[in-house]
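What follows is a set of notes on a single structure, which appears directly below.
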Number of protein chains: 2
Amino acid sequence: MTDEAGPDLRLVHQLRAITIELNLLGGEFAQRNRLHPTDLRALVCLLDAARAGTPATPGLVGAQLGLNSAGTTALLDRLERLGHVRRVRDTRDRRRVLLAVEERAVALGQAFFGPLISGIVETGQDFSEPELAAVRRFLGAVQGIVAEQRAAAPERPPGTPSPADPTAG
Amino acid sequence: MTDEAGPDLRLVHQLRAITIELNLLGGEFAQRNRLHPTDLRALVCLLDAARAGTPATPGLVGAQLGLNSAGTTALLDRLERLGHVRRVRDTRDRRRVLLAVEERAVALGQAFFGPLISGIVETGQDFSEPELAAVRRFLGAVQGIVAEQRAAAPERPPGTPSPADPTAG
DNA sequence: GCATAGTATCTCGCCCGGCGAGATACTCGC
DNA sequence: GCGAGTATCTCGCCGGGCGAGATACTATGC
(Lines give C-alpha, C1' and ligand atoms only; values in the text may rest on other atoms or scores of the structure.)
Protein backbone atom coordinates (compact mmCIF):
# COMPACT_ATOMS: atom_id res chain seq x y z
CA MET A 1 0.00 0.00 0.00
CA THR A 2 2.73 2.47 0.87
CA ASP A 3 5.41 1.35 -1.54
CA GLU A 4 3.96 2.30 -4.86
CA ALA A 5 3.65 6.04 -5.30
CA GLY A 6 6.45 7.20 -3.06
CA PRO A 7 6.50 10.97 -3.51
CA ASP A 8 7.27 12.69 -0.28
CA LEU A 9 3.92 13.35 1.34
CA ARG A 10 5.28 14.40 4.68
CA LEU A 11 4.79 18.06 3.95
CA VAL A 12 1.28 17.44 2.74
CA HIS A 13 0.43 15.58 5.88
CA GLN A 14 1.95 18.21 8.10
CA LEU A 15 0.02 20.92 6.37
CA ARG A 16 -3.16 18.95 6.68
CA ALA A 17 -2.57 18.18 10.32
CA ILE A 18 -1.96 21.84 11.06
CA THR A 19 -5.11 22.89 9.28
CA ILE A 20 -7.21 20.33 11.09
CA GLU A 21 -5.76 21.14 14.48
CA LEU A 22 -6.17 24.83 13.89
CA ASN A 23 -9.81 24.35 13.00
CA LEU A 24 -10.41 22.28 16.09
CA LEU A 25 -8.61 24.84 18.18
CA GLY A 26 -10.78 27.59 16.77
CA GLY A 27 -13.92 25.58 17.36
CA GLU A 28 -13.02 24.82 20.94
CA PHE A 29 -12.01 28.35 21.64
CA ALA A 30 -15.25 29.64 20.16
CA GLN A 31 -17.30 27.25 22.23
CA ARG A 32 -15.52 28.23 25.41
CA ASN A 33 -16.44 31.79 24.74
CA ARG A 34 -20.01 31.02 23.88
CA LEU A 35 -19.75 31.76 20.24
CA HIS A 36 -20.16 29.94 16.98
CA PRO A 37 -17.12 29.26 14.81
CA THR A 38 -18.62 31.70 12.35
CA ASP A 39 -18.73 34.35 15.04
CA LEU A 40 -15.04 33.89 15.67
CA ARG A 41 -14.28 34.18 12.00
CA ALA A 42 -16.32 37.35 11.92
CA LEU A 43 -14.36 38.76 14.84
CA VAL A 44 -11.11 38.02 13.08
CA CYS A 45 -12.47 39.78 10.08
CA LEU A 46 -13.53 42.78 12.16
CA LEU A 47 -10.20 42.99 13.90
CA ASP A 48 -8.42 42.88 10.58
CA ALA A 49 -10.54 45.70 9.29
CA ALA A 50 -9.93 47.69 12.46
CA ARG A 51 -6.20 47.25 12.18
CA ALA A 52 -6.30 48.20 8.53
CA GLY A 53 -8.30 51.29 9.35
CA THR A 54 -11.11 50.18 7.03
CA PRO A 55 -14.48 50.81 8.61
CA ALA A 56 -16.26 47.47 8.84
CA THR A 57 -19.87 47.22 7.77
CA PRO A 58 -22.36 44.35 7.80
CA GLY A 59 -22.16 44.08 4.05
CA LEU A 60 -18.40 43.67 4.09
CA VAL A 61 -18.38 41.12 6.86
CA GLY A 62 -21.13 39.13 5.24
CA ALA A 63 -19.34 39.09 1.92
CA GLN A 64 -16.08 38.00 3.49
CA LEU A 65 -17.76 35.15 5.33
CA GLY A 66 -19.97 34.14 2.46
CA LEU A 67 -23.20 34.87 4.29
CA ASN A 68 -26.28 36.49 2.87
CA SER A 69 -27.79 39.57 4.43
CA ALA A 70 -30.16 37.72 6.71
CA GLY A 71 -27.42 35.56 8.09
CA THR A 72 -25.17 38.55 8.50
CA THR A 73 -27.80 40.41 10.49
CA ALA A 74 -28.26 37.42 12.76
CA LEU A 75 -24.51 37.08 13.18
CA LEU A 76 -24.15 40.71 14.18
CA ASP A 77 -27.09 40.39 16.54
CA ARG A 78 -25.24 37.61 18.32
CA LEU A 79 -21.99 39.52 18.41
CA GLU A 80 -23.73 42.63 19.64
CA ARG A 81 -25.66 40.75 22.28
CA LEU A 82 -22.38 39.38 23.59
CA GLY A 83 -20.90 42.86 23.63
CA HIS A 84 -18.18 42.23 21.08
CA VAL A 85 -19.34 44.80 18.60
CA ARG A 86 -21.59 47.82 18.43
CA ARG A 87 -23.66 49.05 15.53
CA VAL A 88 -23.25 52.71 14.76
CA ARG A 89 -25.19 54.46 12.05
CA ASP A 90 -22.93 56.14 9.56
CA THR A 91 -23.79 59.83 9.76
CA ARG A 92 -22.71 60.46 6.21
CA ASP A 93 -24.59 57.69 4.51
CA ARG A 94 -27.38 56.84 6.86
CA ARG A 95 -28.22 53.59 5.11
CA ARG A 96 -24.97 52.18 6.34
CA VAL A 97 -24.09 50.73 9.68
CA LEU A 98 -20.53 50.89 10.94
CA LEU A 99 -19.31 48.18 13.23
CA ALA A 100 -17.38 49.34 16.25
CA VAL A 101 -15.22 46.62 17.76
CA GLU A 102 -15.40 46.55 21.55
CA GLU A 103 -12.52 46.05 23.91
CA ARG A 104 -13.62 42.59 24.82
CA ALA A 105 -13.43 41.48 21.21
CA VAL A 106 -9.87 42.69 20.97
CA ALA A 107 -9.08 40.83 24.17
CA LEU A 108 -10.67 37.74 22.75
CA GLY A 109 -8.63 38.00 19.60
CA GLN A 110 -5.44 38.32 21.58
CA ALA A 111 -6.35 35.45 23.84
CA PHE A 112 -6.78 33.31 20.77
CA PHE A 113 -3.98 34.43 18.53
CA GLY A 114 -1.52 35.71 21.05
CA PRO A 115 -0.09 32.37 22.16
CA LEU A 116 -0.05 31.05 18.62
CA ILE A 117 1.74 34.07 17.30
CA SER A 118 4.32 34.24 20.02
CA GLY A 119 4.86 30.50 19.75
CA ILE A 120 5.50 30.73 16.05
CA VAL A 121 7.69 33.78 16.39
CA GLU A 122 9.74 32.04 19.02
CA THR A 123 10.02 28.97 16.88
CA GLY A 124 11.37 31.17 14.14
CA GLN A 125 14.36 31.96 16.31
CA ASP A 126 15.53 28.39 16.02
CA PHE A 127 15.99 28.89 12.30
CA SER A 128 18.61 30.66 10.27
CA GLU A 129 17.62 33.43 7.91
CA PRO A 130 18.03 31.31 4.78
CA GLU A 131 15.94 28.61 6.39
CA LEU A 132 13.20 31.08 7.24
CA ALA A 133 13.35 32.36 3.70
CA ALA A 134 12.86 28.82 2.43
CA VAL A 135 9.87 28.33 4.70
CA ARG A 136 8.32 31.57 3.55
CA ARG A 137 8.92 30.67 -0.04
CA PHE A 138 7.33 27.30 0.48
CA LEU A 139 4.30 28.66 2.27
CA GLY A 140 3.89 31.28 -0.40
CA ALA A 141 3.88 28.54 -3.02
CA VAL A 142 1.30 26.55 -1.11
CA GLN A 143 -0.83 29.63 -0.80
CA GLY A 144 -0.65 30.02 -4.52
CA ILE A 145 -1.62 26.42 -5.12
CA VAL A 146 -4.64 26.61 -2.88
CA ALA A 147 -5.75 29.89 -4.39
CA GLU A 148 -5.34 28.38 -7.81
CA GLN A 149 -7.47 25.41 -6.88
CA ARG A 150 -10.10 27.72 -5.58
CA ALA A 151 -10.10 29.67 -8.78
CA ALA A 152 -10.11 26.56 -10.94
CA ALA A 153 -13.39 25.23 -12.27
CA PRO A 154 -15.49 22.75 -10.26
CA GLU A 155 -13.96 19.56 -11.70
CA ARG A 156 -16.66 17.26 -10.40
CA PRO A 157 -16.00 13.58 -9.72
CA PRO A 158 -17.63 11.01 -11.99
CA GLY A 159 -21.32 10.31 -11.72
CA THR A 160 -22.35 13.52 -10.01
CA PRO A 161 -25.34 15.30 -11.47
CA SER A 162 -24.87 19.00 -12.02
CA PRO A 163 -25.75 20.84 -8.83
CA ALA A 164 -27.73 23.33 -10.85
CA ASP A 165 -25.89 26.35 -9.61
CA PRO A 166 -25.70 28.77 -12.52
CA THR A 167 -24.98 31.56 -10.07
CA ALA A 168 -22.49 29.46 -8.14
CA GLY A 169 -20.40 32.20 -6.54
CA MET B 1 0.59 50.88 14.56
CA THR B 2 2.95 48.77 12.55
CA ASP B 3 6.22 50.14 13.87
CA GLU B 4 6.10 49.11 17.49
CA ALA B 5 6.21 45.34 17.94
CA GLY B 6 8.11 44.41 14.83
CA PRO B 7 8.57 40.64 15.19
CA ASP B 8 8.34 38.94 11.86
CA LEU B 9 4.71 38.04 11.39
CA ARG B 10 4.99 37.07 7.78
CA LEU B 11 5.01 33.39 8.58
CA VAL B 12 2.03 33.78 10.85
CA HIS B 13 0.08 35.54 8.19
CA GLN B 14 1.00 33.02 5.57
CA LEU B 15 -0.10 30.21 7.79
CA ARG B 16 -3.34 31.95 8.53
CA ALA B 17 -3.99 32.70 4.90
CA ILE B 18 -3.39 29.08 3.97
CA THR B 19 -5.72 27.85 6.66
CA ILE B 20 -8.47 30.22 5.65
CA GLU B 21 -8.12 29.46 1.97
CA LEU B 22 -8.06 25.76 2.62
CA ASN B 23 -11.24 25.98 4.63
CA LEU B 24 -12.95 27.97 1.94
CA LEU B 25 -11.75 25.50 -0.66
CA GLY B 26 -13.15 22.64 1.36
CA GLY B 27 -16.42 24.42 1.86
CA GLU B 28 -16.82 25.18 -1.81
CA PHE B 29 -15.87 21.68 -2.82
CA ALA B 30 -18.33 20.25 -0.35
CA GLN B 31 -21.12 22.41 -1.61
CA ARG B 32 -20.43 21.52 -5.21
CA ASN B 33 -20.82 17.89 -4.27
CA ARG B 34 -23.95 18.44 -2.29
CA LEU B 35 -22.43 17.80 1.07
CA HIS B 36 -21.89 19.67 4.26
CA PRO B 37 -18.34 20.58 5.31
CA THR B 38 -18.78 18.12 8.13
CA ASP B 39 -19.58 15.40 5.62
CA LEU B 40 -16.36 16.11 3.79
CA ARG B 41 -14.38 15.94 6.99
CA ALA B 42 -16.03 12.65 7.75
CA LEU B 43 -15.08 11.31 4.35
CA VAL B 44 -11.49 12.31 4.90
CA CYS B 45 -11.62 10.52 8.19
CA LEU B 46 -13.09 7.41 6.58
CA LEU B 47 -10.54 7.40 3.81
CA ASP B 48 -7.75 7.71 6.34
CA ALA B 49 -9.10 4.77 8.26
CA ALA B 50 -9.45 2.77 5.07
CA ARG B 51 -5.86 3.47 4.07
CA ALA B 52 -4.66 2.61 7.53
CA GLY B 53 -6.58 -0.64 7.44
CA THR B 54 -8.52 0.33 10.55
CA PRO B 55 -12.16 -0.58 10.20
CA ALA B 56 -14.15 2.64 10.60
CA THR B 57 -17.19 2.68 12.85
CA PRO B 58 -19.75 5.38 13.68
CA GLY B 59 -18.29 5.73 17.13
CA LEU B 60 -14.81 6.42 15.81
CA VAL B 61 -15.93 8.89 13.20
CA GLY B 62 -18.11 10.72 15.65
CA ALA B 63 -15.32 10.96 18.19
CA GLN B 64 -12.90 12.23 15.60
CA LEU B 65 -15.29 14.92 14.42
CA GLY B 66 -16.47 15.86 17.86
CA LEU B 67 -20.08 14.85 17.24
CA ASN B 68 -22.34 13.06 19.65
CA SER B 69 -24.04 9.85 18.69
CA ALA B 70 -27.18 11.48 17.35
CA GLY B 71 -25.25 13.79 15.12
CA THR B 72 -23.06 10.94 13.96
CA THR B 73 -26.05 8.85 13.00
CA ALA B 74 -27.50 11.74 11.01
CA LEU B 75 -24.14 12.32 9.34
CA LEU B 76 -23.87 8.70 8.27
CA ASP B 77 -27.45 8.76 7.06
CA ARG B 78 -26.55 11.61 4.75
CA LEU B 79 -23.37 9.93 3.56
CA GLU B 80 -25.18 6.68 2.98
CA ARG B 81 -28.03 8.33 1.15
CA LEU B 82 -25.48 9.92 -1.18
CA GLY B 83 -23.84 6.56 -1.73
CA HIS B 84 -20.48 7.41 -0.23
CA VAL B 85 -20.54 4.84 2.49
CA ARG B 86 -22.38 1.68 3.41
CA ARG B 87 -23.24 0.37 6.85
CA VAL B 88 -22.31 -3.23 7.45
CA ARG B 89 -23.08 -5.04 10.66
CA ASP B 90 -20.00 -6.50 12.23
CA THR B 91 -20.59 -10.24 12.36
CA ARG B 92 -18.30 -10.74 15.30
CA ASP B 93 -19.67 -8.02 17.55
CA ARG B 94 -23.16 -7.43 16.32
CA ARG B 95 -23.60 -4.23 18.24
CA ARG B 96 -21.07 -2.62 15.98
CA VAL B 97 -21.51 -1.19 12.53
CA LEU B 98 -18.61 -1.12 10.11
CA LEU B 99 -18.45 1.61 7.52
CA ALA B 100 -17.58 0.50 4.02
CA VAL B 101 -16.27 3.33 1.87
CA GLU B 102 -17.71 3.30 -1.63
CA GLU B 103 -15.84 3.96 -4.83
CA ARG B 104 -17.43 7.31 -5.28
CA ALA B 105 -16.13 8.52 -1.96
CA VAL B 106 -12.61 7.57 -2.96
CA ALA B 107 -13.08 9.40 -6.22
CA LEU B 108 -14.32 12.42 -4.33
CA GLY B 109 -11.33 12.37 -2.06
CA GLN B 110 -8.95 12.22 -4.97
CA ALA B 111 -10.77 14.99 -6.79
CA PHE B 112 -10.30 17.14 -3.74
CA PHE B 113 -6.84 16.26 -2.56
CA GLY B 114 -5.26 15.11 -5.79
CA PRO B 115 -4.52 18.52 -7.25
CA LEU B 116 -3.41 19.90 -3.92
CA ILE B 117 -1.08 17.03 -3.27
CA SER B 118 0.49 17.02 -6.68
CA GLY B 119 0.84 20.78 -6.56
CA ILE B 120 2.65 20.65 -3.27
CA VAL B 121 4.83 17.75 -4.31
CA GLU B 122 5.80 19.59 -7.47
CA THR B 123 6.54 22.71 -5.48
CA GLY B 124 8.84 20.65 -3.35
CA GLN B 125 11.03 20.03 -6.36
CA ASP B 126 11.98 23.68 -6.42
CA PHE B 127 13.64 23.25 -3.05
CA SER B 128 16.91 21.71 -1.98
CA GLU B 129 16.93 18.90 0.55
CA PRO B 130 18.17 21.08 3.40
CA GLU B 131 15.49 23.61 2.58
CA LEU B 132 12.81 20.94 2.62
CA ALA B 133 14.15 19.71 5.90
CA ALA B 134 13.86 23.23 7.30
CA VAL B 135 10.26 23.48 6.11
CA ARG B 136 9.40 20.15 7.68
CA ARG B 137 11.06 21.12 10.90
CA PHE B 138 9.16 24.38 10.95
CA LEU B 139 5.82 22.80 10.18
CA GLY B 140 6.47 20.20 12.82
CA ALA B 141 7.11 22.93 15.34
CA VAL B 142 3.93 24.73 14.38
CA GLN B 143 2.04 21.50 14.72
CA GLY B 144 3.44 21.17 18.19
CA ILE B 145 2.47 24.69 19.12
CA VAL B 146 -1.10 24.28 17.96
CA ALA B 147 -1.44 20.95 19.70
CA GLU B 148 -0.04 22.50 22.83
CA GLN B 149 -2.56 25.31 22.69
CA ARG B 150 -5.30 22.79 22.28
CA ALA B 151 -4.12 20.89 25.29
CA ALA B 152 -3.62 24.02 27.37
CA ALA B 153 -6.35 25.16 29.72
CA PRO B 154 -9.15 27.46 28.55
CA GLU B 155 -7.42 30.72 29.48
CA ARG B 156 -10.52 32.84 29.16
CA PRO B 157 -10.35 36.54 28.36
CA PRO B 158 -11.30 39.01 31.10
CA GLY B 159 -14.90 39.46 32.07
CA THR B 160 -16.25 36.22 30.72
CA PRO B 161 -18.43 34.23 33.05
CA SER B 162 -17.56 30.58 33.32
CA PRO B 163 -19.38 28.68 30.60
CA ALA B 164 -20.32 26.05 33.12
CA ASP B 165 -18.81 23.17 31.23
CA PRO B 166 -17.38 20.82 33.84
CA THR B 167 -17.41 18.07 31.23
CA ALA B 168 -15.95 20.36 28.61
CA GLY B 169 -14.21 17.88 26.34
C1' DG C 1 -29.13 -21.04 31.33
C1' DC C 2 -30.34 -16.49 33.28
C1' DA C 3 -29.89 -11.87 35.45
C1' DT C 4 -26.90 -7.90 35.54
C1' DA C 5 -23.77 -4.53 33.87
C1' DG C 6 -21.54 -2.41 30.11
C1' DT C 7 -21.26 -0.88 25.20
C1' DA C 8 -22.54 0.57 20.16
C1' DT C 9 -25.87 2.50 17.71
C1' DC C 10 -30.28 4.54 16.71
C1' DT C 11 -34.78 7.46 17.62
C1' DC C 12 -37.19 11.57 19.24
C1' DG C 13 -37.80 16.34 20.18
C1' DC C 14 -35.63 20.57 20.35
C1' DC C 15 -32.42 24.64 19.38
C1' DC C 16 -30.45 27.70 16.41
C1' DG C 17 -27.43 29.11 12.30
C1' DG C 18 -28.19 30.05 7.55
C1' DC C 19 -31.07 30.93 3.29
C1' DG C 20 -34.60 33.16 0.10
C1' DA C 21 -37.87 36.62 -0.38
C1' DG C 22 -39.49 40.77 0.69
C1' DA C 23 -39.81 45.16 3.59
C1' DT C 24 -37.70 49.38 5.06
C1' DA C 25 -34.83 53.37 5.09
C1' DC C 26 -31.83 55.84 2.97
C1' DT C 27 -28.80 58.32 -1.17
C1' DC C 28 -28.27 59.96 -5.74
C1' DG C 29 -29.34 61.71 -10.45
C1' DC C 30 -32.86 63.85 -13.02
C1' DG D 1 -39.95 65.77 -5.56
C1' DC D 2 -39.63 61.18 -8.09
C1' DG D 3 -37.71 56.92 -9.54
C1' DA D 4 -33.65 53.93 -9.48
C1' DG D 5 -30.23 51.98 -6.77
C1' DT D 6 -28.23 50.45 -2.27
C1' DA D 7 -27.59 48.90 2.82
C1' DT D 8 -29.72 46.71 6.21
C1' DC D 9 -33.36 44.34 8.58
C1' DT D 10 -37.70 41.07 9.16
C1' DC D 11 -40.19 36.78 8.32
C1' DG D 12 -40.72 31.95 7.49
C1' DC D 13 -38.40 27.90 6.53
C1' DC D 14 -34.68 24.10 6.23
C1' DG D 15 -31.50 21.26 8.19
C1' DG D 16 -27.27 20.10 11.20
C1' DG D 17 -26.25 19.16 15.89
C1' DC D 18 -27.41 18.19 20.86
C1' DG D 19 -29.46 15.80 25.07
C1' DA D 20 -32.07 12.13 26.66
C1' DG D 21 -33.64 7.90 26.21
C1' DA D 22 -34.56 3.42 23.59
C1' DT D 23 -32.75 -0.68 21.53
C1' DA D 24 -29.75 -4.45 20.59
C1' DC D 25 -26.03 -6.69 21.54
C1' DT D 26 -21.69 -8.73 24.48
C1' DA D 27 -19.43 -10.00 28.85
C1' DT D 28 -19.55 -11.65 33.48
C1' DG D 29 -21.13 -13.89 37.74
C1' DC D 30 -24.08 -17.16 39.61
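Predicted model only: the values in this text are computed from it and were never measured. Atom set for the values below is all heavy atoms of this structure, side chains included, hydrogens, waters and symmetry mates excluded. Convention: sequence-line order gives letters A, B, ...; per-chain numbering from 1.
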Euclidean distance, atom [atom1] of residue [X] to atom [atom2] of [N] [Å, nearest integer]:
| X | N | atom1 | atom2 | result |
| --- | --- | --- | --- | --- |
| B/Leu98 | C/dC10 | CG | P | 11 Å |
| A/Arg87 | C/dC26 | CZ | P | 16 Å |
| A/Leu76 | D/dT10 | CG | C1' | 15 Å |
| A/Leu35 | C/dC16 | CG | C1' | 15 Å |
| B/Leu99 | C/dA8 | CG | P | 14 Å |
| B/Arg95 | D/dA27 | CZ | C1' | 8 Å |
| B/Asp90 | D/dA24 | CG | P | 18 Å |

So, are B/Glu21 and A/Arg150 salt-bridged, with charged N and O less than 4.0 Å apart?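 So B/Glu21 pairs with A/Arg150 through a salt bridge.
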Taking only Lys NZ, Arg NE, NH1 and NH2, and the carboxylate oxygens of Asp or Glu, determine whether A/Arg136 and A/Glu131 approach each other closer than 4.0 Å.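 Looking at A/Glu131 together with A/Arg136, the answer is no, because their closest N to O distance does not fall below 4.0 Å.
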To check you understand the geometry: which heavy-atom pair defines the closest contact between B/Thr72 and B/Pro58, and what is its length?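 So the minimum-distance heavy-atom pair works out to CG2-O, 3.3 Å.
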For B/Glu80, I'd like to know if atom CD has over 12 heavy atoms of other residues, nucleotides or ligands within 6.0 Å.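 Yes, CD of B/Glu80 has more than 12 neighbouring heavy atoms, counting only those of other groups under 6.0 Å.
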Using a 4.0 Å heavy-atom cut-off across all strands, classify B/Arg89 as base, sugar-phosphate, or nothing.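 B/Arg89: no heavy atom of the nucleic acid under 4.0 Å.
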Stepwise, does the side chain to side chain contact (heavy atoms under 4.5 Å, CB included) test hold for B/Arg10 with A/Leu132? CA-CA 10 Å; B/Arg10 280 176 291 178; A/Leu132 288 178; over 6 Å; no
How does protein contact run along nucleotides 15-20 of chain D, one letter per nucleotide 5' to 3', with B for base contact, S for sugar-phosphate only, - for none, heavy atoms under 4.0 Å? -SSBB-
How are the rings of B/Phe29 and B/Phe112 set relative to one another: parallel (under 30°), tilted (30 to 60°) or perpendicular (over 60°)?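 Ring orientation, 0 to 90° scale: tilted.
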Given C/dC26, D/dT8, C/dC10, identify the nucleotide with an atom nearest to the side chain of A/Arg94.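 Side chain of A/Arg94 sits closest to C/dC26.
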Pick the closest DNA chain C nucleotide for A/Asp93 and for B/Thr73 by heavy atoms, then say which residue is nearer the 5' end.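 It is B/Thr73, whose closest nucleotide lies nearer the 5' terminus.
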